[in-house]
Amino acid sequence: MRPLYSDAGSGIIFNLVGEVKIGNEALPEGVIMLPINKQAQNIVLASGAQLAGIRFHPAMGYGVLGQHYDKPTLLLPEQDHLYGLYQIYSELRMLKDNDRQIEALNLWAETNLGFTNLIPDSLEKALECIEQDEAPGQLSECIELSQRQIERLFKLWLGMTPKHYQRILRIKKAICFLRQHKNVNLADVSQQFGFSDQAHMTREFRTIACITPGQV
């Protein structure tokens, strides 16, 4: 069992063999389309399970696939019209060496997926501003869109508000920091990452990461 911390991204899992669960969802063997990760969940792999997959940065999944999924969803072979996902799935199952699987997956992605100018420039700029700790309510000062237009853009492409994206990003950065600095003062960490105080940081961790800073 391992935690999958929220990153506001989505992805595709190729469940090659074995029993796999994400949260309460048992994943069948096949191509699994993943929803946007807004809250941490545990992934549980039985002995002998084998997975491969692709992780999309925030908004990229919608740009590639043109839709969101509300839960892990098995893509049926008859629905596989655009990208030949079951073709690479079959190839991955035949290849037993990890390096060769990664090489095949990279080649397939380069051939089938286009990542140039995938998301609107305005959204890309907004994501950069939040990455640089710009307040979500002030994004209209960074890009030539109204706050309402920005909210709609985030809802369409990320399935969440700019504020929620900022919360996920803040927790993600704090988790990475805590993993590297195990004896740090948590009150100092809360101040460093823009939480109002340590109690606020703990509440946010419980809501989004489903764990406390101390447990990290």
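Worth knowing before you read on, the calculation uses all heavy atoms, side chains too, and leaves out hydrogens, waters and symmetry mates.
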Checklist line | Spatial distance of atom CE (Met201) from atom OG1 (Thr212) [nearest 0.5 Å] | finding: 9.0 Å
Check: Got Pro3 and Ile211 here, is their nearest side-chain heavy-atom distance under 4.5 Å?
Finding: no
Margin query: Listing request: all salt bridge (Lys or Arg N to Asp or Glu O under 4.0 Å) pairs with a residue in residues 78-87, at least two apart in sequence or in separate chains.
Written below: none
Next item on the list: Count the heavy atoms belonging to other residues, nucleotides or ligands that lie under 6.0 Å from CG of Asp97, then report whether that count exceeds 12.
Entry: yes
Check: What is the distance from atom CD of Gln79 to atom OH of Tyr86, rounded to the nearest 0.5 Å?
Finding: 8.5 Å
Check: What about Leu107 and Leu92, same hydrophobic cluster or not, with Ile/Leu/Val/Met/Phe/Trp/Tyr joined at side-chain heavy-atom distances under 4.5 Å?
Finding: no
Next item on the list: Decide yes or no for Ile150 and Pro162: does some side-chain heavy atom of the first lie under 4.5 Å from some side-chain heavy atom of the second?
Entry: yes
Next item on the list: Look at atom CG of Asn24 and say whether more than 12 heavy atoms of other residues, nucleotides or ligands are closer to it than 6.0 Å.
Entry: no
Checklist line | 4.5 Å side-chain heavy-atom contact, Phe193 and Ile175 | finding: no
Item checked: Whether over 12 other heavy atoms sit under 6.0 Å from Lys172 NZ -> no
Notebook entry, point to check: Looking at CD of Gln87 and CH2 of Trp108, how far apart are the two atoms once the value is rounded to the nearest 0.5 Å?
Noted result: 10.0 Å
Item checked: Within residues 187-215 or reaching into it, pairs that qualify as salt bridge (Lys or Arg N to Asp or Glu O under 4.0 Å) - sequence neighbours excluded -> Arg167-Glu204
Check: Where do Val184 and Lys182 land on the side-chain contact (heavy atoms from CB on, under 4.5 Å) test, with the steps shown first?
Finding: CA-CA 6 Å; Val184 73; Lys182 298 187 183 301; over 6 Å; no
Check: OH of Tyr83 to CD1 of Ile12: how many Å apart, nearest 0.5 Å?
Finding: 8.5 Å
Note to self: Does any part of the side chain of Ile119, heavy atoms only, come nearer than 4.5 Å to the side chain of Glu124, both counted from C-beta?
What the structure shows: yes
Next item on the list: Could you tell me whether Glu25 atom CD has more than 12 heavy atoms of other residues or ligands within 6.0 Å of it?
Entry: yes
Item checked: Carboxylate-amine/guanidinium contact Lys173 Glu131, below 4.0 Å -> yes
Check: Can you tell me if Glu151 uses its side chain to pair, donor with acceptor, with the backbone of Thr161 under 3.5 Å?
Finding: no
Margin query: Would you call the rings of Phe195 and Phe205 parallel, tilted or perpendicular, taking 30° and 60° as the class edges?
Written below: tilted
Next item on the list: Tell me, with the steps shown, if His200 and Ser190 meet side-chain contact (heavy atoms from CB on, under 4.5 Å).
Entry: CA-CA 8 Å; His200 176 221; Ser190 67; over 6 Å; no
Note to self: To check you understand the geometry: which heavy-atom pair defines the closest contact between Ala126 and Ile143, and what is its length?
What the structure shows: CB-CD1, 4.0 Å
Checklist line | Test item: Pro35 and Ser10 side chains (from C-beta on) under 4.5 Å apart, heavy atoms | finding: no
Notebook entry, point to check: Which class fits the ring pair His181 and Phe177: parallel under 30°, tilted 30 to 60°, perpendicular over 60°?
Noted result: parallel
Margin query: Do Asn15 and Pro28 have side chains that approach each other closer than 4.5 Å (heavy atoms only, starting at C-beta)?
Written below: no
Checklist line | Side chain to side chain, Arg93 and Glu29, heavy atoms closer than 4.5 Å | finding: yes
Checklist line | Considering all heavy atoms, the nearest His68-Gly159 contact | finding: NE2-N, 4.1 Å
Margin query: Minimum heavy-atom separation for Leu85 and Phe14, please, with both atom names.
Written below: O-CE2, 3.6 Å
Next item on the list: To the nearest 0.5 angstrom, please state how far the CG atom of Leu169 sits from the OG atom of Ser6.
Entry: 10.0 Å
Margin query: Quick check: is Val17 connected to Val44 through a chain of hydrophobic side chains (ILVMFWY, heavy atoms under 4.5 Å apart)?
Written below: no
Checklist line | Spacing of Leu45 atom CG and Ile22 atom CD1 [to the nearest 0.5 Å] | finding: 8.5 Å
Notebook entry, point to check: Considering all heavy atoms of both residues, which atom of Ala104 and which atom of Leu95 are nearest to each other, and what is their separation?
Noted result: CB-CD1, 3.8 Å
Note to self: When you compare the side chain of Phe154 with that of Leu123, does any pair of heavy atoms fall below 4.5 Å?
What the structure shows: yes
Next item on the list: Start with the C-alpha gap between Asn42 and Arg2, add the side-chain angles, then the distance that decides, and say whether side-chain contact (heavy atoms from CB on, under 4.5 Å) holds.
Entry: CA-CA 6 Å; Asn42 285 323; Arg2 292 287 184 274; over 6 Å; no
Next item on the list: Using the rule that two of Ile, Leu, Val, Met, Phe, Trp, Tyr join whenever any of their side-chain heavy atoms come within less than 4.5 Å, decide whether Leu76 and Tyr69 are in one cluster.
Entry: yes
Check: Any donor and acceptor pair, going by atom type alone, linking the side chain of Thr73 with main-chain N or O of Lys71 inside 3.5 Å?
Finding: yes
Note to self: Looking at Asp133 and Arg170, is there a salt bridge between them, counting it only when a charged N and a carboxylate O are closer than 4.0 Å?
What the structure shows: no
Note to self: Ignoring hydrogens, what is the shortest heavy-atom contact between Leu74 and Gly30? Give both atom names and the distance.
What the structure shows: CD1-CA, 4.1 Å
Note to self: Using a 3.5 Å distance criterion without hydrogens, assess whether the side chain of Asn37 forms a donor-acceptor pair with backbone atoms of Tyr5.
What the structure shows: yes
Item checked: Heavy-atom pair of closest approach, residues Leu139 and Gln147 -> N-OE1, 4.1 Å
Next item on the list: Can you establish whether the number of heavy atoms outside Arg100 located under 6.0 Å from its atom CZ is more than 12?
Entry: no
Note to self: Does Ile54 form a side-chain contact (heavy atoms from CB on, under 4.5 Å) with Ile13? I'd like the steps, not just the answer.
What the structure shows: CA-CA 7 Å; Ile54 296 170; Ile13 281 180; over 6 Å; no
Checklist line | Transitive ILVMFWY side-chain link Phe56 to Ile102, under 4.5 Å | finding: no
Check: Would Leu16 and Met94 show up in the same hydrophobic cluster when neighbours are defined by side-chain heavy atoms closer than 4.5 Å?
Finding: no
